[in-house]
Amino acid sequence: MKRRFYIAAHLARTTVIFTPCIKAEQKKTETVVHISGHIGVEGKTDSETFRQTVDALLAKGVKAITLRINSEGGSCFDANEMVSELERFDKVNIKLGALAASAATFFCTKFHTTARKNTQLMIHKPSTLAWGNESDIESTLQLLKNITADYKAAYAAKMGKTEDEVEEMWAKGDKWLTAKEAKDLGLVDVLEGEEPIDASIAALLKKAGAPQALINTRKQLSKKIMDRDELIASLGLAADATDEQINTAIAEMKLAKEAQDKAAKDKGAETEATGKALFLKAVSEKKCTADMEASFLQLHKASPEAAKQWIEKLPSVPKLSDELNAKGDPSVDAARKDWALDDYLENDPKAYEAMKKSDPEKAKRLEEAYFNKKD
């Protein structure tokens with residue numbers, strides 16, 4: 001039986017299944033090729049499938065691509081061959097999704113790389129399985145050493161470190177890095193916004209052997225990303241809006257809200273002033289009394305037009321002097337001309353009460369004459 005060599009920068013630790021794929025799409029300003037999931041023949045995310053994708057793009061005249069990677073790693077041979085295929089383009093940019101682990105980080109060592117702020121990266125020594133006699137094992141071990149040396153040299157060159165420093169970095173096993181840590185080390189060149197995270201990303205992290213605490217953190221960030229997406233949608237921005245664009249839109253919305261509130265406040269003050277003026281006019285016309293002001297202003301605030309119509313329909317209160325002779329009979333006024341207080345009290349006490357308000361001086365003279373007469 002012929003032995004099959006499979007050296008991986010990642011050794012699967014679970015049986016979690018994630019469907020990997022290679023997919024190309026043409027956007028307005030760029031051609032994007034996606035690599036998702038395990039790198040290797042087991043999921044047809046292998047170098048041969050990748051070569052066919054590259055051939056098709058080159059045949060269409062594509063000279064520059066963006067490679068979008070979201071992967072837990074896989075075959076070192078396939079990753080190396082994919083890098084060779086990418087070198088057929090004039091320009092290649094790598095964009096990392098939520099996860100770039102193991103062999104998936106090899107692409108970062110060869111091309112300009114952008115990561116999301118919440119991207120997780122992991123590097124470690126390549127590993128393999130071997131079987132056969134002692135010669136077979138020794139041969140496999142030598143091949144593994146060669147691949148390990150290649151990866152160590154690639155990491156050292158990209159990060160500007162010595163190979164001994166890289167050896168020390170991965171000596172204790174999996175070396176997990178945040179996007180910022182990867183950028184500080186030089187493995188990543190640029191950081192941008194955050195990557196949306198869903199259940200499939202948590203599965204990838206678990207498959208890559210990520211600590212459970214890190215997986216839990218990713219799940220918590222998922223809600224944060226969803227909230228961010230909702231915010232972007234509510235602001236009417238593009239899905240890939242930057243933090244600066246979001247903050248600018250929020251500031252503009254805040255200014256618009258303040259202007260709207262001020263306009264509403266000014267309009268409210270104007271409405272209240274109009275209502276008070278209308279009410280004071282009605283009071284002067286004896287249509288209502290001062291104790292009705294609060295109720296009228298409340299009605300005017302709710303519906304200025306209804307309040308105006310209501311108060312205009314109110315009848316004017318007759319003057320007290322008119323109440324002395326409501327019918328306007330000249331003979332009545334003539335008869336009362338010589339009335340004393342006794343006459344008012346006996347014949348028309350209401351007229352006397354009205355006189356005290358309309359003509360207090362006359363009422364006072366009548367009272368003085370009445371009391372002096374009693375004396």
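In terms of heavy-atom proximity, P126 sits nearest to L144 at O-CD1, 3.6 Å. The two atoms that bring K356 and A363 nearest to each other are CG-CB, 3.8 Å, heavy atoms only. Here the closest heavy-atom approach between residue L121 and residue A182 is recorded as CD1-CB, 3.8 Å. Across A79 and I39, no two heavy atoms sit closer than the pair N-CG2, 4.2 Å. Annotation for C108 and L187: closest pair CB-O, 3.6 Å, computed over non-hydrogen atoms. Of all the heavy atoms in L67 and F50, the pair that sits closest is CD1-CE1, 4.0 Å.
Partner of K152 under the salt bridge (Lys or Arg N to Asp or Glu O under 4.0 Å) criterion, out of E167, E168, E163, E165: E167 alone. Each of V166, I123, L185, T105 was evaluated against K175; a single residue qualifies, I123, per the side chain to side chain contact (heavy atoms under 4.5 Å, CB included) test. Between T66 and the choices K91, K95, E30, the side chain to side chain donor-acceptor pair (under 3.5 Å) rule is met once, by E30. Partner of D189 under the side chain to side chain contact (heavy atoms under 4.5 Å, CB included) criterion, out of T114, T113, I94: T113 alone.
Side-chain N or O atoms of T53 include one that pairs as donor or acceptor with a backbone N or O of T49 at under 3.5 Å. Judged by distance alone, the side chain of E181 and the main-chain N or O of T178 form a donor-acceptor pair under 3.5 Å. With N70 contributing its side chain and A98 its backbone, the two residues share a donor-acceptor pair below 3.5 Å. Not one N or O on the side chain of D78 forms a donor-acceptor pair closer than 3.5 Å with the backbone of D46. Using modelled atom types, one side-chain atom of T119 and one backbone atom of G97 make a donor-acceptor pair closer than 3.5 Å. Not one N or O on the side chain of S47 forms a donor-acceptor pair closer than 3.5 Å with the backbone of M82.
Using a 4.5 Å heavy-atom threshold, the side chains of I65 and V54 count as separate. The closest side-chain heavy-atom distance from W339 to L366 is not below 4.5 Å. Under the 4.5 Å side-chain criterion, counting only non-hydrogen atoms from C-beta, L278 is in contact with K308. For the pair Q120/W176, a side-chain contact is recorded, criterion being any heavy-atom separation below 4.5 Å from C-beta on. Residues L96 and V188 form a side-chain contact, since some pair of their non-hydrogen atoms from C-beta on lies under 4.5 Å apart. Using a 4.5 Å heavy-atom threshold, the side chains of F89 and K63 count as separate. With contacts defined as side-chain heavy-atom distances shorter than 4.5 Å, the pair D174/K125 does not qualify.
For the atom pair D184 CG and L177 CG, the distance stands at 10.0 Å (nearest 0.5 Å). Here the CD atom belonging to E87 is positioned 12.5 Å from the CG atom belonging to D90, to the nearest 0.5 angstrom. To the nearest 0.5 Å, atom OG of residue S75 and atom CD of residue E81 are 10.5 Å apart. One finds the OH atom of Y344 at 3.5 Å from the CE atom of M355 (value rounded to the nearest 0.5 Å). Atom OG1 in T271 sits 9.5 Å away from atom NZ in K301 (nearest 0.5 Å). Put simply, CZ on R68 and NZ on K23 are 10.0 Å apart, with the number rounded to the nearest 0.5 Å.
Both I35 and L58 are part of a single hydrophobic cluster, where members link through side-chain heavy atoms under 4.5 Å apart. With hydrophobic clusters built from ILVMFWY side chains whose heavy atoms lie under 4.5 angstrom apart, L297 shares a cluster with W310. Note on V32: it does not cluster hydrophobically with L57, by side-chain heavy-atom contacts below 4.5 Å among ILVMFWY residues.
Heavy-atom neighbours of E270 CD from other residues, nucleotides or ligands within 6.0 Å: at or below the threshold of 12. The local environment of CD in E134 is sparse, with at most 12 non-hydrogen atoms from other residues, nucleotides or ligands closer than 6.0 Å.
Counting only N and O atoms by type, the side chains of S139 and D136 include no donor and acceptor under 3.5 Å apart.
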**Report entry** Steps toward salt bridge (Lys or Arg N to Asp or Glu O under 4.0 Å) verdict (R365, E368)
**Finding:** CA-CA 5 Å; R365 290 196 301 272; E368 289 177 349; over 6 Å; no
Query raised in the report: Passes side-chain contact (heavy atoms from CB on, under 4.5 Å), E192 versus K117? Steps please.
Result: CA-CA 6 Å; E192 55 183 18; K117 291 180 181 178; over 6 Å; no
Query raised in the report: So F111 and V83, side-chain contact (heavy atoms from CB on, under 4.5 Å) or not? Walk me through it.
Result: CA-CA 9 Å; F111 306 101; V83 166; 4.1 Å; yes
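Between R51 and E48, at least one side-chain N (NZ, or NE/NH1/NH2) sits under 4.0 Å from a carboxylate O, which counts as a salt bridge.
Between Y151 and F106, the ring planes are parallel. Angles under 30° get that label, and only those over 60° would be called perpendicular.
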